[in-house]
Amino acid sequence: ASLLRAQGKLFYWPQDQFWVLTDYDLAGLVLKSKDFSADRSNFFMARMSGCPFHKVANFFDVVKKMMVTSDAPGHTARRKLAAFGIADNVLDNFKPAVDKAVDMLIQNVQGKKTFDFANEVALPLPCTVLANLFCIPEEKRKDFYKWSNDMTQFFGGASENIELDAYHANEGAASLKKYFAELIEERRQNPKEDFLSHLLKNQQSLGLDDSEVISQAVMMLVAGTVTTTDQLCNNMFLMLTTDLVFKKLQKDQTLLESTIEEVTRLDPAVNFVFRVAKKDITLENQNIKAGELIFISNHAVNRDPQVFELPNDLKMDRTRNPHFSYGNGIHYCLGARLARIQMKSLFEKMLVTFPNLDLAADQKPIKKHQSLAFSGFETLVLKI
């Protein structure tokens, strides 16, 4: 983040031909401006040069109708639809299910000398929670994570083998589209108190077709699994490696919620947010052309000294923390409250259950490196 900020508030990265934005106020302006689009189709297409479009047709068919890649007015109806499935009253009733999932995962690792937090806890927790929210049976849950992960890595800029990444993302999208189409028919016959049933109940009033319902369901699943897994890992790592934070929380859990926000600020799972200029525009004396891409660096924005006192320090009691880790403006993460509920439930349980928790000395944590937009851990082995 400091290296990016040293380049200035807004600078051009010629190697990959995009702009990088590091300033808090400027980021807020871009994210709220109608002059910048959330539609990144051209970015994906540019990366797909040499790969026939039909090989990614399913991926584009799903992604182009997601609210996260839509601008107003299409975004408005799609966001309203998704909001019905994750409204406050729905989540209030869902908290016991989150606690139950946490208890199950903690029980599974108790008694071990070490466990891989990334793969044994942080990965299955949001998968279980989202599967419960959708009422998806146990046997489909591993498939759902793979499909979601394949879409996320391509969406976020995976680049070692573009054609292979595209193939996996397209297969994941096709599988999710097919599954949700079948689930829609089932829910119409037998509605439940689940995410999809809430969407179907309000679909007609918002004038949205089934393909748009499917895209919002896929978006919630994809965004809610991989990014929450990554954020849980990033937060756990910081709490164990910075200023004895985990030990301090064991003595005073009243600081847990503010600490969660602080570690989320310092190491967001979403590295960059993409926007595309709709027209030629001047920002910070820089001439941005229509169609050019802007990468907003959440790490840099979240460490702006004009907004955050001692921005590089982990302050457990930071009371004002308007970070961008869940976005800003009309695209603020709809699932942020659900992510926070999971984090609080999990870390509360871990603080009590594992008094001597630490990193395993002989197994170095391995960070993910396959995505530009997202960051987390491949493995994070802890000793009990």
Side-chain angles (χ1 to χ4, degrees), residues 1-49 63-64 66-76 78-79 155-157 159 223 227 264-312 320-334 336 371-375:
S2 57
L3 288 174
L4 290 176
R5 291 189 60 80
Q7 304 301 312
K9 294 181 178 182
L10 180 68
F11 63 91
Y12 192 67
W13 187 254
Q15 291 94 319
D16 295 295
Q17 300 181 322
F18 56 71
W19 294 88
V20 180
L21 194 158
T22 66
D23 179 75
Y24 187 96
D25 290 337
L26 204 57
L29 186 153
V30 168
L31 290 174
K32 293 171 185 174
S33 171
K34 293 180 180 178
D35 294 331
F36 295 90
S37 175
D39 182 355
R40 285 148 289 197
S41 300
N42 290 338
F43 167 66
F44 291 126
M45 291 308 299
R47 292 176 57 235
M48 286 302 303
S49 58
V63 169
K64 72 182 179 182
M66 289 181 178
M67 67 180 187
V68 72
T69 57
S70 306
D71 300 321
H75 169 271
T76 307
R78 290 167 182 174
R79 186 178 178 92
F155 189 88
S159 57
T227 54
T264 300
R265 174 185 75 86
L266 287 168
D267 195 3
V270 179
N271 291 327
F272 293 98
V273 177
F274 304 64
R275 287 295 181 268
V276 180
K278 290 183 178 179
K279 62 180 184 180
D280 292 354
I281 194 166
T282 301
L283 280 179
E284 281 296 304
N285 298 316
Q286 302 275 20
N287 297 318
I288 299 172
K289 296 177 183 176
E292 287 189 328
L293 192 70
I294 293 183
F295 277 31
I296 297 169
S297 168
N298 279 337
H299 280 83
V301 166
N302 285 350
R303 294 169 186 251
D304 190 326
Q306 300 300 314
V307 180
F308 302 97
E309 182 186 1
L310 300 173
N312 296 314
R320 182 179 175 274
N321 201 343
H323 60 73
F324 273 39
S325 299
Y326 294 115
N328 191 267
I330 64 170
H331 286 279
Y332 182 82
C333 176
L334 196 62
S371 175
L372 178 63
F374 305 104
S375 71

Please examine the side chains of [Y] and [X], heavy atoms only from C-beta on, and report whether any two atoms are closer than 4.5 Å.
{"X": "Ser375", "Y": "Asp267", "answer": "yes"}
{"X": "Pro322", "Y": "Phe308", "answer": "yes"}
{"X": "Phe295", "Y": "Ser297", "answer": "no"}
{"X": "Phe18", "Y": "Phe274", "answer": "no"}

Can you tell me how far apart [atom1] ([X]) and [atom2] ([Y]) are? Round to the nearest 0.5 Å.
{"X": "Cys333", "Y": "Phe324", "atom1": "SG", "atom2": "CZ", "value": "14.5 Å"}
{"X": "Arg275", "Y": "Leu31", "atom1": "CZ", "atom2": "CG", "value": "5.0 Å"}
{"X": "Asn285", "Y": "Lys9", "atom1": "CG", "atom2": "NZ", "value": "10.5 Å"}
{"X": "Asn271", "Y": "Ser325", "atom1": "CG", "atom2": "OG", "value": "10.0 Å"}
{"X": "Ile296", "Y": "Leu10", "atom1": "CD1", "atom2": "CG", "value": "10.0 Å"}
{"X": "Ile294", "Y": "Ser37", "atom1": "CD1", "atom2": "OG", "value": "11.5 Å"}

Which heavy atom of [X] sits nearest a heavy atom of [Y], and at what distance?
{"X": "Arg5", "Y": "Pro305", "result": "NH2-CD, 3.3 Å"}
{"X": "Phe36", "Y": "Leu283", "result": "CZ-CD1, 3.7 Å"}
{"X": "Arg265", "Y": "Asn321", "result": "CD-OD1, 3.2 Å"}
{"X": "Val301", "Y": "Ala27", "result": "CG2-CB, 3.8 Å"}
{"X": "Val276", "Y": "Asp39", "result": "CG2-O, 3.5 Å"}
{"X": "Gly8", "Y": "Thr22", "result": "O-OG1, 2.7 Å"}

Inset, instruction - For Asp23 and Asp304, run side-chain contact (heavy atoms from CB on, under 4.5 Å): C-alpha distance rounded to whole Å, both residues' side-chain angles, the deciding distance at 0.1 Å, then the answer. - result: CA-CA 7 Å; Asp23 179 75; Asp304 190 326; 3.4 Å; yes

Inset, instruction - Verify side-chain contact (heavy atoms from CB on, under 4.5 Å) between Glu292 and Trp19, making sure each step is shown before the conclusion. - result: CA-CA 8 Å; Glu292 287 189 328; Trp19 294 88; 2.8 Å; yes

Got a donor-acceptor contact below 3.5 angstrom from the [X] side chain to the [Y] backbone?
{"X": "Lys279", "Y": "Asp35", "answer": "no"}
{"X": "Asn302", "Y": "His323", "answer": "no"}
{"X": "Asp280", "Y": "Ala290", "answer": "yes"}

Inset, instruction - Using the side-chain contact (heavy atoms from CB on, under 4.5 Å) rule, take Glu284 and Leu26 through it: C-alpha gap first, then chi angles, then the decisive distance, then the call. - result: CA-CA 9 Å; Glu284 281 296 304; Leu26 204 57; 3.4 Å; yes

Inset, instruction - State, without any angle test, whether Arg303 and Asn312 hold a side-chain donor-acceptor pair at a distance under 3.5 Å. - result: yes

